[in-house]
Enquirer: 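Structure in structure tokens, see below.
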Amino acid sequence: MEKYDLTPQQEEEMIDKAYQNLLNGYLASNHRKKVEIIERAFKFAKSAHAGIRRRSGEPYIMHPIEVARIVSQEIGLGSTSICSALLHDVVEDTEYTVEDIEAQFGKKIAEITQGLTKISGGIFGDKASAQAENFRKLLLTMSSDIRVVLIKMADRLHNMRTLGSMLPSKQYKIAGETLYIYAPLAHRLGLFAIKTELEDLSFKYEHPDVYKQIAQKIADSEQSRNEFFERFSAPIRERLSRMGLKYEMRARVKSVYSIWNKMETKRVPFEEVYDLYAARIVFDCPKDAEEKHICWNIYSEITDLYRLHPERTRDWISTPKANGYRALHLTVMGPDGNWVEVQIRSRRMDELAERGFAAHWKYKVGEGEEEKELGKWLQTIEDILKSPEPNALDFLDTIKLNLFSSEIVVFTPKGELVTLPNGASVLDLAYTLHSDLGNHCIAGKVNHKLVPLSHKLNSGDQAEVLTSQSQQPQPEWEAFLATAKGKQRLRAALRRDHRHITAEGEALLKSFLEDNGLTYSNETLTKIVANLELRNSNELCFMVGNNELALNDQILKYAKKSNNGLFSKIFRIGSKQKEENNVIKFEGKIDQKVVYQLTNNNGVRNYTTADCCHPIPGDDVVGFVNQNSIVEVHKLTCPEMMRLKSSYGSRLLQTKWEDYSTKFLASVEVTGIDRMGILQEIVYLISTTLAINLRRLNIAANDGVFKCELDVLVSDTKVVDQLCRRMRQVQGVKNALRLNK
């Protein structure tokens, strides 16, 4: 971090320059010019934050100015939003109240500022329930005025751009929650440019070394990419010029994060990420009605030149995505034998794609039109609020289910369009149409054929829901659902049934105990629950009411038992953590400035590795102090760690491996061409040549191709890398890589 060192006069010049930049951008927009109120908001915020500094040392007012600039120039909002952005921290950080804001700037700006104050300090608190409650507040405020979440998005973007001045542990937490919630939310709102930048910045702080490596490889391959693009684009440009179009054609390189994501999911090195970039054609079109016609004409010209990939054409013009995205995508074989995606958009579609519905306002005049567009945008979000999950992390996962979904479009028998997430089933369609249809769904008719309710729908299917009043919702249905709405409605129905059955069970159990001279009390229930190894008394009563548990002498025996030793048993049942015999507990205060050394002294460790991701020395890891005061080590990429970072940031520890004496379990996948004796060679290489302890081996061959999964005990990632490298040298082996599990 650079040392901040400016004189008061230089600071004033810097603040004025930043404000002038904000104002110039606003004046160049198509919004009605309300400079006077913006000027007042700036002076008010500057006075309120006078003397306050950010962690970097710069005057605090620079943050609201920059948030307002993002709101205006990168999202495209007008004066109301600019004023709210300038004032967004005044109520929280100074002595001014919302009433003061309303008296000075009117009701609307005061409402937005209050909405931002409610969700300030980051959406996520230290407790999961507080975190979910704050997120609900965000969504509820968003349903009254979505500008709240847009300004919050700008606030988060500026915080991410200036994250370098924070402590590493804070960087982990903020980057984690950004990737977990803000980036997908930006995607769902159509803010593609912001979503991409948030992902890249989060990745940069979570995996700085990998980020540098990929960024360097992108830079190194730039010249060869440019040469290829020139060869690929020259004949297309010639055709487009002949059509008399005013256009630009450029290569859009994938972001560092999306390249890494593809490397991880496809398990390929950088050199094998073939769709490293997409070609984008953006043309000017004065008449909106001609956009579709021109897009397909360009498509026709390109497919005359290059061979089309028949399964990778995406028409987002006829049926735009729910977030407003419109474009025509096609994939063709380039001159060097690689597939290249080409995106065709009008100038208006391009604005929409990069900046979401906010781009509409560039073409409208006045705040009234802005209000109308905001109203339309809200329709894509409101379903999330209908019945929020009682469990905090389930609630956030449900939200993410809606945020991440890529879409398909199906037709009802009447020809109405229904947009669903990719992977949605007949049951999803039923719950999307109505709760009662979902609860009583027995099957579906897809393209006039009878299918089960678990049947996955495809884009373009005509689907009908079949119901029966005798059908009741079942817990196993959850596995068939891909929509947040479906899961919420099913869980709500099951909870209603559960409550009824639990109440019946409670009455039966109470009567049974009292008939046998025992008191129906917490103490009695605790004894029965502990001996049956159930989670709680609700589960006990439900099992009784559902005829899963007989009320007999054994239950009476448990109820009469003494309490000796029960406490530890209950504690063990209530905890999901694995028992560790040789692990010392974390003591003292969690200090996020101090790096926690992961050690092993004579077989006694000061940490445990998480079962969800099996980290080993050499992995980028982070420590989490669990409910048993044991430091649990997770990979930074672990999905569970993403949830923990978002919910329990104050329990995170910076960690460093010192323990290289312990052997850790690692899983490796080997694939290749099957031949006689290949298994023997693989085992010999592992056990004898490399002297690695092999714990499990599972091999299967099919039509001349084999796939082998093996577990080995290793000291660090270097051993696994060496094993994979040597394995690839075996004749017939095509690939060997470590599995992320």
Enquirer: For residues Leu150 and Leu191, determine if any side-chain heavy atom of one lies less than 4.5 Å from a side-chain heavy atom of the other.
Expert: yes
Enquirer: What closest approach, in Å, do Ala736 and Cys724 show between heavy atoms, and which atom pair accounts for it?
Expert: O-CB, 3.5 Å
Enquirer: One thing to verify: whether Asp288 and Arg348 come together as a salt bridge, which I'm taking to mean a side-chain N less than 4.0 angstrom from a carboxylate O.
Expert: yes
Enquirer: Begin with the C-alpha distance, continue with both residues' side-chain angles, and end with the deciding distance and a verdict on side-chain contact (heavy atoms from CB on, under 4.5 Å) for Leu163 and Leu201.
Expert: CA-CA 9 Å; Leu163 199 57; Leu201 287 168; over 6 Å; no
Enquirer: Side-chain contact test, heavy atoms from C-beta onward, threshold under 4.5 Å: evaluate it for Arg314 versus Leu328 and give yes or no.
Expert: no
Enquirer: Nearest heavy-atom pair of Ala463 and Val446: which atoms, and what distance?
Expert: CB-CG2, 4.2 Å
Enquirer: Given side chains that start at C-beta, do those of Ser81 and Ser84 come closer than 4.5 Å, heavy atoms only?
Expert: no
Enquirer: Working to the nearest 0.5 angstrom, can you tell me the gap between Leu157 CG and Thr162 OG1?
Expert: 9.5 Å
Enquirer: Quick one: are Leu240 and Met243 in side-chain contact, heavy atoms under 4.5 Å?
Expert: yes
Enquirer: How far does NE2 of His293 sit from SG of Cys285, to the nearest 0.5 angstrom?
Expert: 10.0 Å
Enquirer: Ignoring hydrogens and angles, tell me if any N or O in the side chain of Thr432 forms a donor-acceptor pair with the backbone of Asp428 under 3.5 Å.
Expert: yes
Enquirer: Taking the side chain as every heavy atom from C-beta outward, state whether Ile236 and Ile281 have any atom pair closer than 4.5 Å.
Expert: yes
Enquirer: Tell me if the CZ atom of Arg225 is crowded by more than 12 foreign heavy atoms within 6.0 Å.
Expert: yes
Enquirer: Should the pair Tyr306 and Phe232 be assigned to parallel (<30°), tilted (30 to 60°) or perpendicular (>60°) ring geometry?
Expert: parallel
Enquirer: Kindly give the heavy-atom pair with the smallest separation between Gly334 and Phe228, and that separation in Å.
Expert: CA-CZ, 4.3 Å
Enquirer: What's the verdict on side-chain contact (heavy atoms from CB on, under 4.5 Å) for Val332 and Trp339, showing C-alpha distance, side-chain angles and the deciding distance?
Expert: CA-CA 6 Å; Val332 293; Trp339 294 107; 5.5 Å; no
Enquirer: Between the side chains of Arg250 and Asp350, is the shortest nitrogen-to-carboxylate-oxygen separation below 4.0 Å, so that they form an ion pair?
Expert: yes
Enquirer: Can Glu248 and Arg347 be said to form a salt bridge (charged side-chain N to carboxylate O under 4.0 Å, His left out), step by step?
Expert: CA-CA 10 Å; Glu248 57 179 298; Arg347 185 76 55 194; 2.7 Å; yes
Enquirer: Look up atom CZ in Arg239 and atom CD1 in Ile302, then write down how far apart they are to the nearest 0.5 Å.
Expert: 10.5 Å
Enquirer: Do His329 and Val342 come close enough that some side-chain heavy atom pair is under 4.5 Å?
Expert: no
Enquirer: For Gly423 and Ala482, work out which heavy atoms get closest and say how close.
Expert: O-CB, 3.6 Å
Enquirer: So Thr671 and Asn735, side chain to side chain donor-acceptor pair (under 3.5 Å) or not? Walk me through it.
Expert: CA-CA 5 Å; Thr671 51; Asn735 207 358; 5.3 Å; no
Enquirer: Work out which heavy atom in Glu206 is nearest to a heavy atom in Leu636; give both atom names and the distance.
Expert: O-CD1, 2.9 Å
Enquirer: Could you walk me through whether Gln20 and Asp16 pass the side chain to side chain donor-acceptor pair (under 3.5 Å) test, one step at a time?
Expert: CA-CA 6 Å; Gln20 209 51 52; Asp16 287 342; over 6 Å; no
Enquirer: Once you round to the nearest 0.5 Å, how far does CZ of Phe42 lie from CG of Leu23?
Expert: 9.5 Å
Enquirer: Is the shortest heavy-atom distance from the side chain of Met62 to the side chain of Met14 under 4.5 Å?
Expert: yes
Enquirer: If I take atom CG from residue Asp620 and atom SG from residue Cys638, how far apart are they, to the nearest 0.5 angstrom?
Expert: 13.0 Å
Enquirer: Can you tell whether the side chains of Glu291 and Arg326 come within less than 4.0 Å, N to carboxylate O?
Expert: yes
Enquirer: Within the 3.5 Å criterion, strictly below it, is a donor on Gln216 or Asp220 matched to an acceptor on the partner's side chain?
Expert: yes
Enquirer: Does the distance from a Lys or Arg side-chain N to an Asp or Glu carboxylate O, for Glu341 and Arg312, drop under 4.0 Å?
Expert: no
Enquirer: Would Met249 and Tyr247 count as a side-chain contact (heavy atoms from CB on, under 4.5 Å) here? Give the steps.
Expert: CA-CA 7 Å; Met249 183 175 181; Tyr247 71 93; 4.2 Å; yes
Enquirer: Could you check if a side-chain atom of Met160 sits within less than 4.5 angstrom of a side-chain atom of Glu199, using non-hydrogen atoms only?
Expert: no
Enquirer: Using a distance-only test with no angle check, is there a side-chain donor-acceptor pair under 3.5 angstrom linking Ser258 and Ser255?
Expert: yes
Enquirer: When the ring planes of Trp260 and Phe203 are compared, do they come out parallel, tilted or perpendicular, using 30° and 60° as the limits?
Expert: tilted
Enquirer: Any side-chain to backbone donor/acceptor pair from Ser425 onto Phe480? Under 3.5 Å, distance only.
Expert: yes
Enquirer: Between the side chains of Arg69 and Glu66, is the shortest nitrogen-to-carboxylate-oxygen separation below 4.0 Å, so that they form an ion pair?
Expert: yes
Enquirer: If you take all heavy atoms of Ala68 and Ile82, which pair is closest and at what distance?
Expert: CB-O, 3.9 Å
Enquirer: In plain terms, say whether Arg345 and Glu351 are close enough for a salt bridge, that is, a side-chain N and a carboxylate O under 4.0 Å apart.
Expert: no
Enquirer: Is the distance between the ring centroids of Tyr211 and His207 under 6.0 Å?
Expert: no
Enquirer: Quick test of your reading of the model: are Lys17 and Glu13 salt-bridged, counting only N-O distances below 4.0 Å?
Expert: no
Enquirer: What's the verdict on side chain to side chain donor-acceptor pair (under 3.5 Å) for Asp315 and Ser318, showing C-alpha distance, side-chain angles and the deciding distance?
Expert: CA-CA 6 Å; Asp315 177 9; Ser318 306; 2.7 Å; yes
Enquirer: Testing the 3.5 Å rule here: is there a donor-acceptor pair between the side chains of Arg156 and Thr178?
Expert: yes
Enquirer: Decide yes or no on side-chain contact (heavy atoms from CB on, under 4.5 Å) for Thr313 and Thr331, but give the supporting numbers first.
Expert: CA-CA 7 Å; Thr313 299; Thr331 301; over 6 Å; no
Enquirer: Is Lys734 paired with Glu669 through a side-chain N to carboxylate O contact shorter than 4.0 Å?
Expert: no
Enquirer: With a cut-off of 6.0 Å (strictly less than), are more than 12 heavy atoms of other residues, nucleotides or ligands near CD of Glu39?
Expert: yes
Enquirer: Has Asp200 got a side-chain atom pairing as donor or acceptor with Tyr257's backbone, closer than 3.5 angstrom?
Expert: yes
Enquirer: Please check this pair: side chain of Tyr26 against backbone of Lys34, looking for a donor-acceptor N/O pair closer than 3.5 Å.
Expert: yes
Enquirer: Would you give the length of the straight line joining atom CG of Leu86 to atom NE2 of His63, rounded to the nearest 0.5 angstrom?
Expert: 11.0 Å
